[in-house]
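Below: one structure, written as structure tokens.
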2 protein chains.
Amino acid sequence: MGSAVTARDLARQLGVSQSMVSRAFDPAASVAPAMRARILEAAAAANYRPNGIAAALTRRRSRIVGLVMGELQNPFYPAVLEQMTLALQAAGFEALLLTVPPGQQADACLPRLRQYQVDAVVLTSASLSSAGAAHWLGDGRAAVLFNRTASGPTPLDSVACDNAGGARLAAEALLEAGRQELVFVAGRPDTSTSQERERGFLSAFAARGLRAPRRIAAGDFSYEAGHRAALQAGGADGIFFANDILALGGMDALRHAAGRRVPQDVAVLGFDDIPMAGWPGYALTTLRQPVAAMIAATIEILQARLEGDPQPARALRLPAELVPRGSFLPAG
Amino acid sequence: MGSAVTARDLARQLGVSQSMVSRAFDPAASVAPAMRARILEAAAAANYRPNGIAAALTRRRSRIVGLVMGELQNPFYPAVLEQMTLALQAAGFEALLLTVPPGQQADACLPRLRQYQVDAVVLTSASLSSAGAAHWLGDGRAAVLFNRTASGPTPLDSVACDNAGGARLAAEALLEAGRQELVFVAGRPDTSTSQERERGFLSAFAARGLRAPRRIAAGDFSYEAGHRAALQAGGADGIFFANDILALGGMDALRHAAGRRVPQDVAVLGFDDIPMAGWPGYALTTLRQPVAAMIAATIEILQARLEGDPQPARALRLPAELVPRGSFLPAG
DNA sequence: ATGAAAGCGCTAACAG
DNA sequence: CTGTTAGCGCTTTCAT
């Protein structure tokens, strides 16, 4: 580190004040164009870049965003993570990645995030207690839930896909195709995604005056849980799984263990549109989450909050899109 | 932020000097046990934690490690990422996640990492130019390649699995099972993993005086590339794919497009042991990378380097383990 | 074992 | 537009 050139070094070398060097890097500062050019040129030559840590200390904003990831083992998240870090980078932030240690609440990450003076936190498939949220927001920091909705009176912004609407599409497509014995496979029960997808699915039955479909609790969002759940589906001719990874496990169980054909004997639908849903071996019909738009919205909200936007918390919903594939071809 | 309590606040409140508060948090500092207890207690009560940014500035060590991820879309990486961040956290580091923007070299991440005074960088499925590496190491920072080996004279430490050894196991198992027409499917040609796995696979043939097996260049590590490659395999009765994701694409092509049975007509092997390799629909025989041990080694090297370990660069190799599943059952 | 003092490298008023 | 001056909150000698 000893060799790192500082703003003072550069200033001395150029015969200007150290603040001018600092200002040259601030697009909003008024600096004579020639001066700025001279400084930036010298900086490039000397390989100088303002020390972000020192800047964070004085500015009292670190430009670091904490990324708390809940279920990284779900294939939906790698793409989210990749796009999210790229989008954060593009917006001028760095991403500090935190994994919630097994068996712990996301609240446990907060102290470490505070310690590093993180400006904001994005919680992906994780949530905060109301107390944790209140504390965090209380001192000028921002927080956005991604792919989760705040439960209860938590004043947290959230960006998610319209889970209920997507699930309703799934139900309607199955009913219109004349499938009779339908089943919903729930994922982790304490997640807003599973709850909302269930609610949306049921609402289509209610709207038509049909009795509610059978429900199987997989207990978790995993391939294995989906596999187990599908074995309890009996003679169902249509199953909507709360997400794709469950559906994939379910399809394998139906085909390999239960000896049933998909889609002839059972139609299968999932939610998310993970890469494997498109593989020919599965060809899973599913509801695609608009990931890019969700990420863009997340960052927009984040920036607005950091600039002091006083709006009440928003729960943004972006529509899901039905992607028909071989595991169920909607009528029409 | 305004409300954040500082070491001075706490010191004043306790009637001690601010340095004592600082020392109380440094296990190596000599502080009277009673004093330390009193300070830590008050700190806990006031919800005080030393400001990591300020500490980084004075200490000139940020305790942040940059994590540069190459191919996040490969299902091998989510688990790596999760375990790596947990291990870094446990070792007292935070992880700054950087994604290499599409089409760019990992070198492009270095300036941003320097700017945030990152102590070390772990490059997962990515590498640095010799110039980039020299620069980085030059100013007291550490760098470790994970799942890659430095090519050429780069003085970078690396931790990887024994790709050549694992591939040799694959070849020997296929040959001992009496498979005749073998094929190697290469992945991204400029990666050490693909190159070493190819070399190891070939070496088994050379050792037995057999002529080299056929080689198909998939061009990339992806499902689609594996799918395409398998369609060129003709009547091969054994295929070793450079990694699992290629192998899964290949299996689907063999079964669904080429109408061949696995393992009866063709044995299929992969490398990595990603979660999907264990799914019953694939049951892919593969070589498991010892991820946990690799991560532990990575962090150990990192810490040694940060403490000034002057050893020449090491290229650590951990053995791969053959995991027999339905896609090829080794003889015996 | 404790306190005082000097910065780390930068940003942000405040003058001119 | 540019220079001067204070710190940001902490760690680390250097005294005592």
Side-chain angles (χ1 to χ4, degrees), chain A residues 1-40 42-43 46-64 92 114-119 139-140, chain B residues 1-40 42-43 46-64 92 114-119 139-140:
Chain A
M1 314 269 207
S3 68
V5 33
T6 74
R8 255 208 356 219
D9 300 338
L10 205 62
R12 223 162 358 215
Q13 176 198 315
L14 290 171
V16 301
S17 79
Q18 181 264 319
S19 349
M20 284 314 291
V21 175
S22 177
R23 284 194 269 254
F25 281 86
D26 175 4
S30 47
V31 178
M35 169 69 86
R36 172 170 275 139
R38 197 159 71 96
I39 294 177
L40 291 180
N47 195 22
Y48 167 80
R49 299 260 243 143
N51 178 326
I53 296 288
L57 187 60
T58 55
R59 198 192 301 125
R60 320 193 66 169
R61 280 231 150 351
S62 62
R63 298 199 180 155
I64 297 177
R114 292 177 83 104
Q115 183 155 15
Y116 273 86
Q117 309 298 114
V118 157
D119 290 341
D139 49 45
Chain B
M1 316 267 202
S3 69
V5 33
T6 73
R8 254 205 359 215
D9 300 337
L10 205 62
R12 223 161 359 214
Q13 175 197 318
L14 289 171
V16 302
S17 78
Q18 181 264 322
S19 348
M20 285 314 291
V21 175
S22 176
R23 284 194 268 252
F25 282 87
D26 174 4
S30 47
V31 178
M35 170 69 84
R36 170 170 277 138
R38 197 158 71 96
I39 293 176
L40 292 180
N47 194 21
Y48 168 80
R49 300 259 243 142
N51 178 327
I53 295 287
L57 187 59
T58 53
R59 198 193 300 125
R60 320 192 65 166
R61 281 236 166 312
S62 61
R63 296 199 182 154
I64 297 177
R114 293 177 82 105
Q115 183 155 16
Y116 274 85
Q117 309 299 113
V118 156
D119 290 342
D139 49 45

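In this text, all values refer to a predicted model and were calculated from it rather than measured experimentally. By convention in this document, chain letters (A, B, ...) are assigned in the order of the sequence lines, proteins followed by strands, and residues within each chain are numbered from 1.
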Report task. Taking the side chain as every heavy atom from C-beta outward, state whether A:V16 and A:R38 have any pair of such atoms under 4.5 Å apart. Result ->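 Answer yes - side chains close enough.
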Report task. Please examine the side chains of A:T6 and A:N51, heavy atoms only from C-beta on, and report whether any two atoms are closer than 4.5 Å. Result ->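 Result no, sub-4.5 Å side-chain heavy-atom pair not found.
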Starting from [atom2] on [N], measure out to [atom1] on [X] and report it in whole angstrom.
X      : N      : atom1 : atom2 : result
B:I53  : D:dG7  : CD1   : C1'   : 17 Å
A:F25  : C:dA12 : CZ    : P     : 15 Å
B:R12  : D:dG9  : CZ    : P     : 11 Å
A:Y116 : D:dC10 : OH    : P     : 13 Å

Requested in this report: Mind listing the closest non-hydrogen atom pair of A:A56 and A:S62 along with its distance?
Outcome: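 Taking A:A56 first and A:S62 second, the nearest heavy atoms are CB-CA, 3.6 Å.
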Requested in this report: Looking only at non-hydrogen atoms, find the nearest pair between B:D9 and B:A4 and report the distance.
Outcome: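 Taking B:D9 first and B:A4 second, the nearest heavy atoms are OD2-O, 4.0 Å.
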Query raised in the report: Which letters describe nucleotides 4-11 of chain C, given B = protein heavy atom under 4.0 Å from base, S = only from sugar-phosphate, - = neither?
Result: BB-BBBBB
Query - From CA spacing to verdict: ring-ring contact (aromatic ring centres under 6.0 Å, His included), B:Y116, A:Y116 - result: CA-CA 12 Å; B:Y116 274 85; A:Y116 273 86; over 10 Å; no
**Report entry** Residue B:M20, side-chain heavy atoms: nucleotide from C:dT2, D:dG3, C:dA1 that is nearest
**Finding:**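 When the side chain of B:M20 is considered, C:dT2 is the closest of C:dT2, D:dG3, C:dA1.
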**Report entry** Other residues, nucleotides, ligands: >12 heavy atoms within 6.0 Å of B:R59 CZ
**Finding:**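 Above 12, so yes.
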